[in-house]
Amino acid sequence: QVQLVESGGGLVQAGGSLRLPCAASGRTFTSYNMGWFRPAPGKERAFVSAISRSGGSTYYADSVKGRFTNSKDNAKKTVYLQMNSLNPEDTAVYYCAAQIRVLFSRSASDFVSWGQGTQVTVSS
């Protein structure tokens, strides 16, 4: 399985931006759909965004659509979550995850590898 390491978290003021890289190790990076999750009330891991294996499709939760952008660099084995117009409700630990499915699923239980998480704090 692929190993994942997130970075880029930190403290930012409301309205600001952060970019979270997630670096993967392993030879089969292009076999995985890559997702981002964060805790939410009643959910340990709530879906935030994902990008398909090819990078041709991206998916977003309604709460971040239009503000967050997901991208990947297969040569660097890295996915990026660009977060703009951040608000205090975006404060959370963000987890990168890998899914090996032909048809993408937003369910956290369908992701097989997880990073350790990176803290994002948005001050008002």
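Just so you know, these numbers use all the heavy atoms, side chains as well, and skip hydrogens, waters and symmetry mates.
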Query raised in the report: What are the two closest heavy atoms between C96 and L4, and how far apart are they?
Result: O-CD1, 3.7 Å
Report task. Check whether any side-chain heavy atom of S7 lies under 4.5 Å from a side-chain heavy atom of T118, and answer yes or no. Result -> no
Query raised in the report: Would one find more than 12 heavy atoms of other residues, nucleotides or ligands at under 6.0 Å from atom CD of Q13?
Result: no
Throw together a table of side-chain donor-acceptor distances under 3.5 angstrom for residues 47-54, partners on residues two or more places apart or in other chains.
{"residue": "S49", "atom": "OG", "partner": "Y59", "partner atom": "O", "Å": "2.9"}
{"residue": "S49", "atom": "OG", "partner": "N70", "partner atom": "ND2", "Å": "3.0"}
{"residue": "S52", "atom": "OG", "partner": "S54", "partner atom": "OG", "Å": "3.4"}
{"residue": "S52", "atom": "OG", "partner": "G55", "partner atom": "N", "Å": "3.4"}
{"residue": "S52", "atom": "OG", "partner": "G56", "partner atom": "N", "Å": "3.3"}
{"residue": "S52", "atom": "OG", "partner": "S57", "partner atom": "N", "Å": "3.0"}
{"residue": "S52", "atom": "OG", "partner": "S57", "partner atom": "O", "Å": "3.4"}
{"residue": "S54", "atom": "OG", "partner": "G56", "partner atom": "N", "Å": "3.1"}

Query raised in the report: Yes or no on side-chain hydrogen bond (donor to acceptor under 3.5 Å, both in side chains) for S105 and S107, after CA distance, side-chain angles and deciding distance?
Result: CA-CA 5 Å; S105 166; S107 174; 4.7 Å; no
Report task. Only counting residues at least two apart or in another chain, list the ones meeting salt bridge (Lys or Arg N to Asp or Glu O under 4.0 Å) with R106. Result -> none
Query raised in the report: Using 30° and 60° as the class limits, which term best fits the ring planes of F68 and Y94: parallel, tilted or perpendicular?
Result: tilted
Query raised in the report: Minimum heavy-atom separation for Q3 to Q1, with atom names?
Result: NE2-O, 3.0 Å
Requested in this report: Is it possible for you to check whether K72 lies under 6.0 Å from the centre of the six-membered ring of F29, through NZ or CZ, and within 45° of that ring's axis?
Outcome: yes
Report task. Report yes or no: is the cationic atom of R45 (NZ for Lys, CZ for Arg) closer than 6.0 Å to the six-membered ring centre of W114, at no more than 45° off its axis? Result -> yes
**Report entry** Heavy-atom check, side chain of S85 versus side chain of R67, under 4.5 Å
**Finding:** yes
Report task. Provide the closest heavy-atom pair for G35 versus F111 in the form atom of the first, atom of the second, distance. Result -> N-CE2, 3.6 Å
Query raised in the report: What residue among V122, V64, D90, L20 forms side-chain contact (heavy atoms from CB on, under 4.5 Å) with M83?
Result: L20
Query - Between N84 and S17: side-chain donor-acceptor atoms closer than 3.5 Å - result: yes
Query raised in the report: Mind checking what makes side chain to side chain contact (heavy atoms under 4.5 Å, CB included) contact with A23, not counting sequence neighbours?
Result: T78
